[in-house]
Amino acid sequence: MTAPSSLETLREFAPTISVGILTADLLRLGSEVSLIEQAGVKVVHFDVMDGCFCPMMTLGPPLIKAVKTPLLKDVHLMIEEPLDKVGDYVAAGADLITIHAESCRHPHRVLQQLGKMENANQAARGLIRGVALNPGTPLETIEPLLGELEMILLLAVNPGWGGQKFIESTHERLREVKKMVQKSGNDILIAVDGGIKRDNVAEMGASGVDLVVTGSAVFDGKAPSQNAKYMIAALHASPA
Ligand code: DX5
Ligand code: ZN
């Protein structure tokens with residue numbers, strides 16, 4: 001039996017969460033990731049920041065590779081000109097790899113290049129190519145790319161840090177991007193990232209988002225497993 005593709009896995013569990021590790025205890029990252037895996041999490045989110053595209057610097061391919069986990073690795077590249085760098089992230093085990101439309105001169109070329117690469121964990125999983133948009137970037141930017149991607153990631157905060165406040169205009173952007181995807185007829189996942197906590201996660205489920213990135217709501221405090229379970233259940237609950 002062939003293994004399901006990452007896209008099939010995500011479609012099966014959607015809506016679900018992708019847990020950002022920025023605020024995890026990085027000295028105990030292996031056990032932090034195991035904890036969320038046991039809680040039912042299917043995807044772990046790595047925020048890669050280069051200190052140029054956004055103010056912080058975080059992690060690169062060696063750390064992504066070092067995390068041994070059955071979870072899908074969701075790599076969010078907030079780096080300048082990723083064209084020559086995406087190969088290293090794929091080799092490190094990215095299952096989902098997201099570039100920023102604002103960070104590259106040739107986003108279409110980067111996506112084409114990714115389309116030729118194989119998943120380093122298991123070829124049958126395939127690669128999910130994502131394009132992220134900052135809150136201030138018009139949605140139309142993504143329209144010419146719709147035939148070359150499998151995921152759109154709308155940022156609900158400006159890239160840079162975990163723990164920021166959700167920008168409310170994201171709700172309208174999610175509605176608009178959903179219409180755009182439906183009109184295109186392509187099988188594209190819609191994801192949202194930033195500021196999603198216990199008090200607004202149910203709204204995300206109701207709005208038809210497939211993947212919700214959440215970091216501090218899971219790792220702040222001492223109960224990542226309970227937090228992750230709460231977030232997954234709330235995504236599936238009917239809105240209040
Ligand atoms: C923002 C990052 C997000 C962020 C999520 O630049 O892309 O992934 O760390 O963290 P929370 O859920 O804390 O906003
Ligand atoms: Zn992110």
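Computed from a predicted model, the values in this text were never measured in an experiment. When reading the values below, keep in mind they use all heavy atoms of this one structure, side chains included, and skip hydrogens, waters and symmetry mates. Indexing begins at 1, ligand by ligand and atom by atom, following the structure's order.
Atom 9 (O) of ligand 1 has as its closest protein heavy atom D47 OD2, 3.1 Å. When hydrogens are left out, the protein atom nearest atom 12 (O) of ligand 1 is G215 N, 2.8 Å; that is the closest non-hydrogen contact. Nearest to atom 3 (C) of ligand 1 among the protein's heavy atoms is D193 OD1, 3.0 Å. Looking from atom 14 (O) of ligand 1 to the surrounding protein, the closest heavy atom is G195 N, 2.8 Å. Nearest non-hydrogen protein atom to atom 13 (O) of ligand 1 is S216 OG, 2.5 Å.
Of the N or O atoms in K197, none lie within a sub-3.5 Å distance of an N or O in ligand 1. Distances between N or O atoms of N158 and those of ligand 1 include no value under 3.5 Å. When only interatomic distances are considered, the shortest N/O to N/O separation between G194 and ligand 1 does not fall below 3.5 Å. Residue M49 has no nitrogen or oxygen atom sitting less than 3.5 Å from a nitrogen or oxygen atom of ligand 1, judged on distance alone. The shortest N/O to N/O separation between T214 and ligand 1 does not fall below 3.5 Å.
Counting only heavy atoms from C-beta outward, the side chains of D47 and V213 never approach each other to under 4.5 Å. A heavy-atom distance below 4.5 Å is not found between the side chains of L96 and V75. H106 has its side chain out of reach of E81: every pair of non-hydrogen atoms, C-beta onward, lies at least 4.5 Å apart. The closest side-chain heavy-atom distance from P107 to I99 is below 4.5 Å. Two residues are said to be in side-chain contact when any heavy atoms from C-beta on lie closer than 4.5 Å; H100 and L155 meet this criterion. Side-chain contact between L153 and L133 is absent, with no heavy-atom pair separated by less than 4.5 Å.
A salt bridge is defined here as a Lys NZ or Arg NE, NH1 or NH2 lying under 4.0 Å from an Asp or Glu carboxylate O, and R173 with E176 fails to meet this definition.
Near M78, the atoms of ligand 1 lying under 4.0 angstrom from a non-hydrogen atom of the residue are 6 (O), 7 (O). Those atoms of ligand 1 with a heavy atom of H45 less than 4.0 angstrom away are 8 (O). Close approach to P159 involves these atoms of ligand 1, each under 4.0 Å from a residue heavy atom: 6 (O). Listed by number with element, the atoms of ligand 1 under 4.0 angstrom from any heavy atom of L22 are 9 (O). Numbered from 1 in the order shown, with element, the atoms of ligand 1 that lie under 4.0 Å from a heavy atom of H76 read 7 (O).
The closest approach between a heavy atom of G160 and any atom of ligand 1 is below 4.0 Å. At least one heavy atom of W161 lies less than 4.0 angstrom from ligand 1. Not a single heavy atom of M56 sits less than 4.0 Å from an atom of ligand 1. Residue contacts with ligand 1 include G163, since one of its heavy atoms falls under 4.0 Å from the ligand.
The aromatic ring centroids of H236 and F13 lie 6.0 Å or more from each other.
Side chain of K73 to main chain of I64: a donor-acceptor pair is present (N/O by atom type, distance under 3.5 Å, no hydrogens or angles). Checking side-chain atoms of T58 against main-chain N and O of M49 turns up a donor-acceptor pair under 3.5 Å.
Within 6.0 Å of CZ in R109 there are 12 or fewer heavy atoms belonging to other residues, nucleotides or ligands. Within 6.0 Å of atom NZ in K197, more than 12 heavy atoms from other residues, nucleotides or ligands are found, so the atom counts as buried in its surroundings.
When ND1 of H76 and OD1 of D47 are joined through the Zn ion (ligand 2), the resulting angle is 90° to the nearest 10°.
Looking only at its N/O/S atoms, D193 has OD2 as the one nearest to the Zn ion (ligand 2).
Between L77 and the choices D50, V86, T98, V110, the side-chain contact (heavy atoms from CB on, under 4.5 Å) rule is met once, by V86.
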